[in-house]
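Computed from a prediction, not measured in an experiment: that's the story for all the values here. Just so it is clear: chains get the letters A, B, ... in the order the sequence lines come, proteins before strands, and each one is counted from 1.
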Amino acid sequence: MTLFEKKVLRQVLKIPLGEVRTYAQIARAIGHPRSYRAVANALRKNPYPFFVPCHRVVGCGKDMRGYALGRAMKRDLIKFEKKVRDMLK
DNA sequence: CAATAATAGTCCC
DNA sequence: GGGACTATTATTG
């Protein structure tokens, strides 16, 4: 677990419920504007996919590129969180 | 729209 | 250390 990965995980944890962020945004937020690939690499080897909500991280244009537990699962999770957010609104 | 180059970090040898 | 890998992105035809 490198410092870079830690920064990525922390940043991902700060994403509000139902919100999504792009890999580029994450990379920029941790001070590595051109490391979106490394971000993806870190999330890929994510030890705890449910506690570090990598399903809130999407590609550009809010497209889902990949997910350790399957894109279908990711899509459902995002949908679910959006629903929860609307419910709490 | 499809193919490709660029780029930054980590992993495996 | 060098080369390959990646859940990307931007560019070119």
Side-chain angles (χ1 to χ4, degrees):
Chain A
M1 180 73 69
T2 66
L3 178 64
F4 178 80
E5 290 180 354
K6 282 188 193 173
K7 284 185 182 174
V8 172
L9 301 187
R10 260 192 301 168
Q11 192 60 34
V12 172
L13 282 172
K14 279 157 71 172
I15 303 177
L17 182 67
E19 295 290 314
V20 293
R21 207 144 296 186
T22 69
Y23 291 91
Q25 291 289 335
I26 297 288
R28 196 185 339 157
I30 63 178
H32 294 251
R34 283 161 205 84
S35 306
Y36 31 79
R37 290 192 184 211
V39 173
N41 195 18
L43 291 179
R44 179 181 171 266
K45 297 179 313 181
N46 180 5
Y48 310 103
F50 272 99
F51 296 100
V52 181
C54 47
H55 52 271
R56 294 187 196 153
V57 185
V58 297
C60 84
K62 296 186 172 95
D63 273 341
M64 293 176 291
R65 287 297 173 175
Y67 186 46
L69 307 178
R71 295 97 161 146
M73 174 78 79
K74 181 174 184 175
R75 198 187 159 178
D76 285 348
L77 282 170
I78 294 176
K79 213 162 133 190
F80 174 74
E81 290 192 347
K82 278 194 198 165
K83 230 169 155 182
V84 174
R85 189 186 55 172
D86 285 348
M87 181 183 68
L88 295 176
K89 188 160 44 170

Classify every nucleotide of nucleotides 6-13 of chain C by which part a protein heavy atom approaches to under 4.0 Å, writing B for the base, S for the sugar-phosphate alone and - for neither, in 5'-to-3' order.
BBBS----
Nucleotide B:dT10, atom C1' - distance to NE2 of A:H32 in whole Å
13 Å
For a 4.5 angstrom cut-off between non-hydrogen side-chain atoms, does A:F50 reach A:L69?
yes
Between A:I26 and A:I15, is any pair of side-chain heavy atoms under 4.5 Å apart?
yes
Any side-chain heavy atom of A:M73 sitting closer than 4.5 Å to one from A:H55?
no
B:dT10 P sits how many Å from A:K6 NZ, rounded?
12 Å
Got A:L43 and A:Y67 here, is their nearest side-chain heavy-atom distance under 4.5 Å?
no
Watson-Crick or G-U counterpart of B:dT7, or none if no pair lies under 3.5 Å
none
Are the side chains of A:V39 and A:H32 in touch, meaning some heavy atoms are under 4.5 Å apart?
no
Under 3.5 Å on both distances, the Watson-Crick or G-U partner of C:dG2:
B:dC12
Residues passing the salt bridge (charged side-chain N to carboxylate O under 4.0 Å, His left out) test with A:K62, sequence neighbours excluded, are none
